[in-house]
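In what follows, a single structure is set out as structure tokens and then discussed.
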Amino acid sequence: MAGWSCLVTGAGGFLGQRIIRLLVEERELQEIRALDKAFRPELQEEFSKLQSQSKLTLLEGDILDEQFMKRACQGTSAVIHAASVIDVFNAIPRETIMDVNVKGTQILLEACAQASVPIFIYTSTIEVAGPNSYREVIRDASEDQPLESTWSAPYPHSKKLAEEAVLAANGWALRNGGILSTCALRPMYIYGEGSPFLRGFVDQALRNHGTLPHNSKLSVVNPVYVGNAAWAHVLALRALRDPERAASVGGQFYYIADDTPPQSYDQLNYALGREWGFHLDARRGLPVLLQYWLGFLLEMVSLLLRPVCRYRPPFNRHTVTLLNSVFTFSYKKAQRDLGYKPLFSWEQAQQNTAAWIGALVKRHREAGRAKAR
Ligand SMILES: NC(=O)c1ccc[n+]([C@@H]2O[C@H](COP(=O)([O-])OP(=O)(O)OC[C@H]3O[C@@H](n4cnc5c(N)ncnc54)[C@H](O)[C@@H]3O)[C@@H](O)[C@H]2O)c1
């Protein structure tokens, strides 16, 4: 398949950008279409510098726009679908999340069938597998274990439905008589330079004399560095383009982790930020059981207030569970089928991320000094 092209949705996002940066290095890739709702001017400039290596086209638009998606898919050989609305804290209306994550994925699958795009890779999430209870310990789990999120919270629910739709589309007949091959990648929590979650924690700590929140002491997770999560997408693409491997990869899902040591979310933030004087909040938090039932109470308050106003609780049962569970996964299946091996070690990932946090701290201090003048 010499001279092929790839469409990446969500290409302006945290992960999508890294996928684009790796794709430009792929030999034989003639065109990359980077699609997002909007691209920041700095990113546009950065992408324009990549243009010399392969043709990179930016497409700004909504994945819910069927005509736009049909045009975006026309003449492309593969799709990496990373666009999504991520919302753990119920900040975004449920309908928006369901629309973008589920309907958007269905529109894209249909557009691929119409335009005879033979490869579709979906960026799913570990959250489609759970955790469902903070009391259940899941360590080093693999794809053979039947794990499925039972939460009706819009983010995990929508990602689960979208993943199901993608895997069910494996084997679809394409308009040109070809066959669609699909697979889904389920990255762990992703960290690294540009992470919107990490930026939130850093901003919070900067406002709070360097104190990082310490509300997920009990969690044990194995997060993945963004460069490694992006690399897994490139390898999935190579596997589905390889006629010998496509049959075994098509219709499969893969957990994507790396060699980041299992730790709590709090410990991860501390490991990444301690160089800049950040420390964890030393205060004792509420017992998890109490947090859980308080979360339930707050959900009820939000429900009762719905006819009058929109109240967004600071936490709920789902977030308490996410932040307090032992939930770690192995990447052996991705290693076996996709040849996945992390590109970055934990030390490199930590160094890169800490350097980015350092730049945020510096910018914050400079802004403070300018204000004081
Ligand atoms: N960040 C994590 O920890 C994590 C973990 C596991 C899986 N994922 C998955 O990885 C993918 C990328 O996540 P991310 O962390 O880069 O998030 P992100 O928010 O940085 O990127 C998502 C991108 O999708 C775009 N988008 C949203 N709605 C759109 C629409 N209607 N039309 C076009 N573009 C739209 C956004 O503009 C954004 O640039 C998502 O599918 C997410 O579910 C993320």
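Note that this is a predicted model, so its numbers are computed, not measured. Counting starts at 1 for both ligands and their atoms, in listed order.
- Given atom 22 (C) of ligand 1, the protein heavy atom at minimum distance is S84 O, 3.7 Å.
- Tested against I63 for a side chain to side chain contact (heavy atoms under 4.5 Å, CB included), the candidates N101, L35, D99 yield a single pass: L35.
- Two rings, from Y270 and F278, have their centers 6.0 Å or more apart.
- T211 and H279 share a donor-acceptor pair across their side chains, judged by distance under 3.5 Å alone.
- The protein heavy-atom contact nearest to atom 10 (O) of ligand 1 is T123 CG2, 3.3 Å.
- The pair E148-K160 meets the salt-bridge criterion, with a side-chain N (NZ, NE, NH1 or NH2) lying under 4.0 Å from an Asp/Glu carboxylate O.
- Taking the six-membered ring for Trp, F344 and Y225 have ring centres closer than 6.0 Å.
- Taking every heavy atom of S124 and a limit of under 4.0 angstrom, the matching atoms of ligand 1 come to 7 (C), 8 (N), 9 (C).
- Contacts with ligand 1 closer than 4.0 Å are made by side-chain heavy atoms of V100 only, the backbone lying farther away.
- Ionic pairing of K70 and E110 is not present here: no N-O contact between side-chain nitrogen and carboxylate oxygen is shorter than 4.0 angstrom.
- Closest to atom 41 (O) of ligand 1 among all protein heavy atoms lies K159 NZ, 2.7 Å.
- Atom 16 (O) of ligand 1 has its closest protein heavy atom at L15 N, 2.8 Å.
- The protein heavy atom nearest to atom 14 (P) of ligand 1 is I86 CD1, 3.8 Å.
- In this structure the side chain of L185 reaches within 4.5 angstrom of the side chain of H233, judged on heavy atoms.
- Defined by atom type and a distance below 3.5 Å, a donor-acceptor pair is missing between the side-chain atoms of S330 and D140.
- The shortest contact between atom 37 (O) of ligand 1 and any protein heavy atom is with D36 OD1, 2.5 Å.
- Each of the following atoms of ligand 1 lies closer than 4.0 Å to a heavy atom of A82: 11 (C), 12 (C), 40 (C), 41 (O).
- Distance check on atom 19 (O) of ligand 1: every protein heavy atom falls at or beyond the 4.0 Å cut-off.
- Looking at heavy atoms from C-beta onward, E46 lies out of side-chain contact with K49 at the 4.5 angstrom threshold.
- Contacts with ligand 1 closer than 4.0 Å are made by no heavy atom of A11, backbone or side chain.
- Close contacts between ligand 1 and Y189 involve ligand atoms 3 (O) [criterion: under 4.0 Å to a heavy atom].
- Using a 4.0 Å cutoff on heavy atoms, L64 does not count as a contact of ligand 1.
- Backbone and side-chain nitrogen or oxygen atoms of D62 are examined, and one is located within less than 3.5 angstrom of a nitrogen or oxygen of ligand 1.
- Salt bridge status for R186 with E127: absent, with no side-chain N to carboxylate O gap under 4.0 Å.
- For ligand 1, none of its N or O atoms has an N or O atom of F197 under 3.5 Å away.
- For the pair G13 and ligand 1, the shortest N or O to N or O distance falls below 3.5 Å.
- Of the listed residues (N101, D99, I190, I256), the one carrying the non-hydrogen atom nearest atom 3 (O) of ligand 1 is I190.
- The single protein non-hydrogen atom nearest to atom 6 (C) of ligand 1 is P187 O, 3.5 Å, given as residue, atom name and distance.
- The pair E66-K103 does not meet the salt-bridge criterion, since no charged nitrogen lies less than 4.0 angstrom from a carboxylate oxygen.
- Shown in contact with G12 at under 4.0 Å from a heavy atom are these atoms of ligand 1, numbered in order with element: 39 (O).
- The distance criterion of under 3.5 Å between nitrogen or oxygen atoms is not met by G16 with respect to ligand 1.
- Counting heavy atoms under 4.0 Å from ligand 1, residue Y155 touches it through the side chain alone.
- The protein atom (non-hydrogen) at minimum distance from atom 34 (N) of ligand 1 is K37 N, 3.4 Å.
- Only backbone heavy atoms of M188 (N, CA, C or O) come within less than 4.0 Å of ligand 1; its side chain stays farther off.
- With no hydrogens or angles considered, no side-chain donor-acceptor pair links S5 and E31 at under 3.5 Å.
- A heavy-atom distance below 4.5 Å is found between the side chains of H81 and T105.
- A donor-acceptor pair shorter than 3.5 Å cannot be found between the side chains of D258 and Y331.
- Among G61, G104, G10, the residue whose heavy atom lies closest to atom 33 (C) of ligand 1 is G61.
- For the residue pair T260 / Y191, a side-chain donor-acceptor distance below 3.5 Å is found, with atom types taken as modelled.
- In T9, neither the side chain nor the backbone holds a heavy atom less than 4.0 Å from any atom of ligand 1.
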